[in-house]
Amino acid sequence: MANFKRSLVTTALPYANGPVHIGHLAGVYVPADIYVRYLRKKGEEVAFIGGSDEHGVPITIKAQKEGVTPQDIVDRYHYIIKKSFEDFGISFDIYSRTSSKVHHELSSAFFRKLYDKGEFIEKTTQQFYDAQSGRFLADRYIIGTCPRCGNDHAYGDQCEACGTSLNATDLINPVSALTGSKPELKDTKHWYLPLDKYEGWLKRWILEEHKEWKSNVYGQCKSWLDSGLNPRAVTRDLDWGVPVPIDGAEGKVLYVWFDAPIGYISATKDLTPEWERYWKDPETRMIHFIGKDNIVFHCIIFPAMLKAEGTYILPDNVPANEFLNLEGDKISTSRNWAVWLHEYLEDFRDKQDVLRYVLTANAPETKDNDFTWKDFQARNNNELVAIYGNFINRTLVLTHKYYNGIVPEPGETDAYDKEVLGEIPAIIERVEKNLDTFHFREALKECVGLARLGNKYLADTEPWKLIKTDEKRVRTILNICLQIAANLSTLTEPFLPFSAEKLRGFLNIGPIDWDKIGGEVIATGHRINEAGLLFEKIEDDKIQQQIDKLLATKKANQQEQTQVVPAKANISYDDFAKLDIRVGKIVAAEKVVKTQKLMKLTIDTGIDTRTVVSGIAEHYTSEEVIGRQVSILVNLEPKVLKGIESQGMILMAENADGTLSFVTPDKSVKPGSEIR
RNA sequence: GGCGAGGUAGCUCAGCUGGUUAGAGCGCAUGAUUCAUAAUCAUGAGGUCGGCGGUUCAAGCCCGCCUCUCGCUACCA
């Protein structure tokens, strides 16, 4: 690190198909912002880069759904995201976007250079083509009948009814989602980056030269490298994105994962004409802050791209975080299961730092963590208010009460004073050490520790008693408390910038350089301002509102799930009559070993006694199932499942939440009775 | 069943390349205190570090097997 002259800090580009939520913040933006503010505070040269990732298929689909252009979609979210980052105090030097002209030019030139150097492989494959719209269709744009479950609205990559992942060519009767016409298979040419060619180099670079990377990052890279790399397509047949700058590549764009990381470069270029100083000088230290889902792209693919290009530096570290859950469930944009930053800023005005604090104190640095509103409240009330805010308030109030707001002159310091004063630089050192190694949780804990120390010092020295007997001693004590407070205002600034400024307002001081803190930073005789509250308690009702909001989301999601699947195509009576459904009785049941869902049932069908394997083991135990009457399709072709021949199918009703219930006659019926 | 991640005090989590009596915060109990947003400070109770076996002078950390949780995936006739 000592050899670097400047830092380039990038943050994963949020995808512009939705606003930013606490998961993004905890994983990427808050730690990155803390780190950058810390570097700046130390006087280091740093560029802090962010921007919206605005290309890719999901945005085109969303646009189509809403009947607007992709540009409309990205415009909408880009500005929401940009504004909420600003309001939240994420101190980007630039927040750019990949639909910008600079980006198109730069990523296009980047591709062209690799192309001219012969770094790509050309490959032709068959893909569906919609002749009517004159376009190749991404898998998502093909709709057809699922070969597994018969759902006739399955997508080319996945059937959402049965969850199976598919190839577009698997679909029965595929149609184009754009025009409804029947697509044809047609040859299409694409360019591939031969990652296998970089495997040896990547292994050396990461596995040998960057053993210091976080274990989650290092481990994932290792597993990728060990399993071998394959050439990866870097172009797509799509009309939204950066056009492939080659003759004969009309209707093709750069794959979003090719152009997005170049967005870091173009954003830097957007920021300063001297952008090459950041990207091409080996004395620049590049750090990528990302979430764990982006590790492969930032540690394998982008470095391979940069290496292939040849003139760029590589990341020095990629401190990826794990994921943050919300109230026990995975955060999901599509399910609206999130705390949205722009909504938080509305609901909790001027409480940016509370969220910054909570997300840092509970950051998913080594494993997935859970955000709960109760924890949010507890951390605010018990830590920010009770420890930090309270210490500041005590100090300010006492100073006003005894010395009219003038910083008193210290007398001689005793052993305990010296010990406390000695702790300040020690804590600062630990904060630095943790920040330097991306341990933000621990660093923040150390900061709070300084406030704790202040509280303890007050409790031990009891100036409110001494004021009656030894007023001179009180001057020393309060002076020390004020020094701690002033140190805190700088020490906490990377984490809690708004409160740090507020605190400086109370103390009536300006910003203090990082290398000045550790000792006396507020002068004797200085007049402080009126005391106020650094943090406010958050009451239960405020928290309950947020919990209720989430419960409402949960309810809405359930209702959405209840949306009834549309009817299938009509069939003739003859078709129906082919089904032989009978009432049967379960006489024996046992779970099939080594499966999650399968249960082996022995059924008295009236006709015979037979074995049926059914996927109900997650909903019923074998005990509660025995003796039940059920509906059974008896003339279904037998099939062997897990080594057991299943001779029929039990009819089950599936609820919106996925739970199953038997279809049972409402009074007892003789086994073998027909169901028609 | 496959892949990935994980199981450390009541709760949320730390534990660096294995090394003395396993930590923090919250919560709880008891005590002290009143300058402070009923805030603070001290002390204490609480853990067979998921289980079993192995390697080692030494394992929460390494290896094997098992088990449970979460995510993806498969099975769901």
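The model shown is predicted, which means the values in this text are computed figures rather than measured ones. Letters A, B, ... are given to chains in the order of the sequence lines, protein chains preceding strands, and every chain is numbered from 1. Quick note: numbers below take in every heavy atom, side chains included, and nothing from hydrogens, waters or symmetry partners.
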Euclidean distance for C1', A77(B) against A5(B) (whole angstrom): 34 Å
Candidate pair Ser499(A) and Tyr388(A), rule side chain to side chain donor-acceptor pair (under 3.5 Å), full reasoning: CA-CA 11 Å; Ser499(A) 312; Tyr388(A) 184 18; over 6 Å; no
Sugar-phosphate only, base, or nothing, as touched by Asn325(A) at under 4.0 Å among non-hydrogen atoms: nothing
Touch class at under 4.0 angstrom, heavy-atom based, for Val397(A) against every strand present: sugar-phosphate
Sugar-phosphate only, base, or nothing, as touched by Ala386(A) at under 4.0 Å among non-hydrogen atoms: sugar-phosphate
Length of the CD-P vector between Glu462(A) and A42(B), whole Å: 13 Å
Nearest-nucleotide 5' precedence on RNA chain B, Leu458(A) against Val612(A): Leu458(A)
Atom pair distance, as rounded to whole Å: CD in Glu365(A) and C1' in C13(B): 11 Å
d(CZ, Phe391(A); C1', U33(B)) in whole Å: 17 Å
Candidates C41(B), A77(B), U37(B) - which lies nearest the side chain of Ser646(A): A77(B)
Closest heavy-atom pair and its distance - Asn362(A), Asp375(A): ND2-OD2, 4.1 Å
Residue met sooner reading RNA chain B from 5', once Leu534(A) and Ile387(A) are mapped to nucleotides: Leu534(A)
C13(B) and A74(B), which share atom name P, separated by this distance in whole Å: 30 Å
Separation between the P atoms of C26(B) and A36(B), rounded to whole Å: 22 Å
Separation of the C1' atoms in G7(B) and G15(B), to the nearest angstrom: 15 Å
Sugar-phosphate only, base, or nothing, as touched by Leu651(A) at under 4.0 Å among non-hydrogen atoms: nothing
Integer angstrom distance from the P of U8(B) to that of U69(B): 14 Å
Passing candidate, side-chain contact (heavy atoms from CB on, under 4.5 Å) with Tyr416(A), options Asp460(A), Ile480(A), Ile477(A): Asp460(A)
Sub-4.5 Å side-chain heavy-atom contact between Ile331(A) and Asn325(A): no
Syn/anti state for G46(B) [syn: chi within 90° of 0]: syn
For RNA chain B, the dot-bracket pattern of Watson-Crick and G-U pairs whose distances stay under 3.5 Å, | for other-strand partners: (((((((..((((.....[...)))).(((((.......))))).....(((((..]....))))))))))))....
Length of the line joining Asn382(A):CG and A36(B):P, which is rounded to integer Å: 20 Å
Short side-chain N/O contact to A39(B) OP1/OP2 from Asn381(A), under 4.0 Å: no
Interatomic distance at P, G25(B) relative to A45(B), whole Å: 15 Å
U73(B) to G46(B) separation - C1' atoms, rounded to the nearest Å: 41 Å
Side chain of Ser614(A) (C-beta onward), nearest among A36(B), A77(B), A14(B): A77(B)
Sugar-phosphate only, base, or nothing, as touched by Thr395(A) at under 4.0 Å among non-hydrogen atoms: nothing
Residue-phosphate contact under 4.0 Å: Lys456(A) side-chain N/O, A42(B) OP1/OP2: yes
Spacing of Lys445(A) atom NZ relative to A14(B) atom C1', expressed in whole Å: 6 Å
Whole-Å distance separating the CZ atom of Arg452(A) from the P atom of C41(B): 7 Å
Beyond-backbone contact of Leu450(A) with Phe391(A), side-chain heavy atoms, under 4.5 angstrom: no
Asp604(A) and Thr609(A) side chains, donor-acceptor separation under 3.5 Å: no
Nucleotide C16(B), atom C1' - distance to CZ of Arg430(A) in whole Å: 16 Å
Span that lies between the P atom of A22(B) and that of C61(B), in whole angstrom: 14 Å
Pair Asn404(A), Arg527(A): side-chain N/O donor-acceptor within cut-off below 3.5 Å: no
Donor-acceptor side-chain pairing of Asn487(A) and Gln483(A) below 3.5 angstrom: no
Distance, rounded to the nearest Å, where Asn362(A) contributes CG and C13(B) contributes P: 6 Å
Leu550(A) side chain near Trp373(A) side chain, heavy-atom distance below 4.5 Å: yes
